[in-house]
Amino acid sequence: MDSGAANDPFPHRHLLGIEGLSRREITYLLDRADIYADQPRGAERLALLRGRTVINLFFENSTRTRTSFELATKRLGGDVINMQAQTSSIKKGETLIDTAMTLNAMRPDVLIVRHPESGAVQLLSEKVDCAVINAGDGSHEHPTQALLDALTIRRRKGRLEGLVVAICGDISHSRVARSNIHLLNTMGAHVRVVAPRTLLPPAIDRLGVEVFYDMKRGLAGVDIVMMLRLQTERMHGSFVPSIREYFHFFGLDYAKLASAKDDALIMHPGPMNRGVEIDTEVADDIDRSVIRQQVEMGVAVRMACLEALSRKAHTAPVS
Amino acid sequence: MSDRVLFVHARLLDPADGLDRPGELLVENGTIAALGPNLSRHGLGADVRIVDCAGCCLAPGIVDMRVQLREPGDEHQETLATGAEAAVAGGITTLAMLPNTVPPIDDNALVEFVSRRSREIRLAAIRTYAAATKGLRGGELTEFGLLAEAGAVAFTDGLHAISDALVMRRALSYASTFDLLVVQHPEEPSLSAGGAMNAGEIATRLGLAGITPAAETIMVERDIRLVEITGARYHAAHVSTAGAIDAIRRAKARGLQVTCDTAPHYFALNETAVGQYRTFAKVSPPLRSEADRLAVIEGLRDGTIDAIASDHAPQDQESKRLPFPSAEPGIVGLETLLPLSLELYHNGSLGLLQVMRALSQRPAEILRLPGGRLRPGAPADFVIFDLDRPWRIDVTALRSKCKNAPYDGRPAQGKVTRTVVGGRTVFGLDS
């Protein structure tokens, strides 16, 4: 079980997902991230993670998330090691558990893990002594993405509560969608999902979202439009007949965006497929698109997460 | 040494005769010679050995009609010997193993190998299914006639559905030539491909690809149409959905020779057992919704579901300690088959004789095996169990080579105290 004093603002050993986090805990992480986001460029390196080792263990290709965690660690004064599945013994048939045990023996303080299979990061967390941050597991969760999205929204809109957020596109295969649904619901926003039925998982309404199959209706009056990448690599068979058809009905362009509020923000977790789920002009609209701010907030949020978890690493027993 | 044994102070249970009363049972030369309320008064002579059952139930030995053993090929997971040892500890006197070994059992030499090893091991009788198609590849039929003569109890492609409709039609049609049984893993593979658990809210939350219950219903309904045009004997294995059970209920009402079984996990657990990616709760077909679980119990209650089989599937750590989508499906079940089935009696869902009928009489009838009954002249295969004894399932104590059961610590009521095969005690709790 998670340990920690009753007044610990983030009493968890790992960050495996948003589901199960309280409003207070999420607010704490966002508040800390806000402070880091406001630090001027070129500010002195912090010493919070001095002498601490963070391992980025990525079983899937990633540039932005891995770099973001790396930068966050360095800004906090920690040492970071990047391990990519292609270069490690994973390719030689070593199991996930074996890898976890091996890395654990090197006594890292934090393991940041991305894996193509849902649940893999939790499995790994059960086998190691250090803190584990889920950097995306299959179609399950990607908690730091949801936190950076929330921070971006909060800094632009001043709040999360009461906002109407439409998450559009490949909900079925998206860990970003699941983490965002949990976070936004916990924080009191109203969440809609907009997608063709083939990209909506069964019983998605049970997660507390309003379901739309029509983009214009789904975007009517919303404060935030969150676009998702069409995850062709996770698709088993054909979910949409063609990219042309998908863009026509579910791609974000100015015509569809017109039904959202005038000041609605456009978000995308990246990497974007321009012309597939989002029109290039919309993506680059500096008044509406906050896609680049999302990336910027990513570092601040990850600093906050590393801080929250490594604080406990001091006292964690080594077995 | 005497070859006559008298079991006294037993609660005799024989579902075939509706028998449930205190009595005694005499075994002579490996067969049941007599049973009744007070045989001991009839002057049986001094050479009779007496076994005091102390009021325990004495019922026909369990006939487990769906078991995976891993010999030949994967003996590190289970051998015929370790499987048989676990079986008798669970009160099973006959088991039918699936042909999904390496190589698969699609040739009479392999059927004969299993028969020979069974005779050598001398615990539970191990019978085998033969593959319905060569190499379990779903294409060419195996030699049904010769395999049956060699001792194959029925024909199945094991963990794979016979999915091609034409192949299934021919399998049923050809099997009916010899009045043989075809056993289906009823799951439409194009619908279940890539799925890791039951489709629904839990799968959606966990980000796991779901398997719709319709995958099972569709295959059962299709097969029933093929049974209709071939007149064959057909058995649907481990049914898990309300839809499939309903389809079978209607097929039986129409007089078709359709039977089915289920496994304890489909009435003892539901999809919530997956929890946070517990791979021990990954099975094929997947654990279903609570509504499906209740439909399975109702199917057992009204007789639509004929039999309960363990669906014993040994998997070692290397196969289970993996991310959920990659983990192998399966639960070991030989030693928990009886106690989990007795839960249905203890919680008032089924009568005791109904439970025992599904465990012994019906599977023996479906596979046309001796046993499954207590009557003079029948083989002395029976199980003696303490119906009420409370205990906790401890997976580390299982005799099976693998311990992949999601029941660790589960309270159970009812424990096997002795298993007798052909008049020989092959398992004794205190021995």
Side-chain angles (χ1 to χ4, degrees), chain A residues 14 16-20 59 90 93-101 113 115-127 134 136-142 170-179 181-182 185 193 200-209 211 231 234-237 239, chain B residues 188-217 241 243 270-282 286-292 315-329 404 406 408:
Chain A
H14 308 298
L16 301 176
I18 298 292
E19 191 173 18
F59 296 90
I90 299 297
E94 191 179 68
T95 67
L96 180 66
I97 303 282
D98 291 335
T99 306
M101 301 302 234
V113 188
H115 197 281
E117 291 183 287
S118 301
V121 180
Q122 179 182 310
L123 176 66
L124 193 144
S125 76
E126 291 162 5
K127 310 293 172 190
N134 181 2
D137 64 321
S139 305
H140 178 222
E141 283 232 40
H142 188 356
D170 186 0
I171 310 290
S172 264
H173 302 91
S174 176
R175 51 199 178 206
V176 174
R178 283 171 180 76
S179 288
I181 289 168
H182 296 312
N185 274 331
V193 293
L200 287 167
I204 184 69
D205 56 305
R206 298 289 299 270
L207 271 62
V209 298
V211 180
Q231 302 208 42
R234 261 184 257 286
M235 292 192 177
H236 190 95
F239 287 79
Chain B
E188 169 52 48
S190 64
L191 280 174
S192 60
M197 71 172 292
N198 191 44
E201 182 187 345
I202 297 173
T204 291
R205 281 184 186 275
L206 294 174
L208 293 172
I211 300 173
T212 170
E216 178 172 297
T217 312
T241 61
N270 65 23
E271 60 188 338
T272 61
V274 171
Q276 286 292 312
Y277 306 101
R278 268 176 96 199
T279 59
F280 276 12
K282 184 177 181 181
L287 298 176
R288 303 288 189 185
S289 69
E290 177 63 6
D292 286 315
Q315 297 289 358
D316 54 21
Q317 296 272 17
E318 281 62 49
S319 312
K320 282 289 191 186
R321 284 211 320 180
L322 292 169
F324 199 88
S326 298
E328 290 291 334
N404 54 300
D408 201 27

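Owing to the predicted nature of the structure, the values given are computational and were not obtained by experimental measurement. These numbers come from the heavy atoms of this one structure, side chains and all, not from hydrogens, waters or symmetry mates. In what follows, chains carry the letters A, B, and so on, assigned in the order in which the sequence lines appear, proteins first and then strands, with residues in each chain numbered from 1.
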*asked:* Does B:Lys282 qualify as a cation-pi partner of B:Phe324, given the criterion of NZ or CZ under 6.0 Å from the six-membered ring centre and within 45 degrees of its axis?
replied: yes
*Tell me, side chain or backbone of B:Gln276 under 4.5 Å from chain A's heavy atoms, or both, or neither?*
both
*Name the member of B:Leu206, B:Ile202, B:Thr212 that forms the most heavy-atom pairs with chain A at distances under 4.5 Å.*
B:Leu206
*A:Asn134 and A:Glu141: side-chain donor and acceptor closer than 3.5 Å?*
no
*asked:* Is B:Ser326 in contact with chain A via its backbone, its side chain, both, or neither, using a 4.5 Å heavy-atom distance?
replied: both
*Taking every heavy-atom pair that is under 4.5 Å apart, which of A:Gly119, A:Ser172, A:Gly17 has the most such pairs with chain B?*
A:Gly119
_Note, B:Leu191 side chain near B:Ile211 side chain (heavy atom, < 4.5 Å)_ = no
_Between A:His182, A:Glu19, A:Arg206, the one whose heavy-atom pairs under 4.5 Å with chain B are most numerous_ = A:Arg206
*Relative to each other, are the rings of A:Phe239 and A:His173 parallel, tilted or perpendicular (30° and 60° limits)?*
perpendicular
*asked:* Is A:Arg178 close to chain B through its backbone or its side chain, or both, or neither, when contacts mean heavy atoms under 4.5 Å?
replied: side chain
*asked:* Is A:Ile97 close to chain B through its backbone or its side chain, or both, or neither, when contacts mean heavy atoms under 4.5 Å?
replied: side chain
*Check the side chains of B:Gln315 and B:Asn404 for a donor-acceptor pair under 3.5 angstrom, ignoring hydrogens and angles.*
no
*Is there a donor-acceptor pair under 3.5 Å between the side chain of A:Asn185 and the backbone N or O of A:Gly208?*
yes
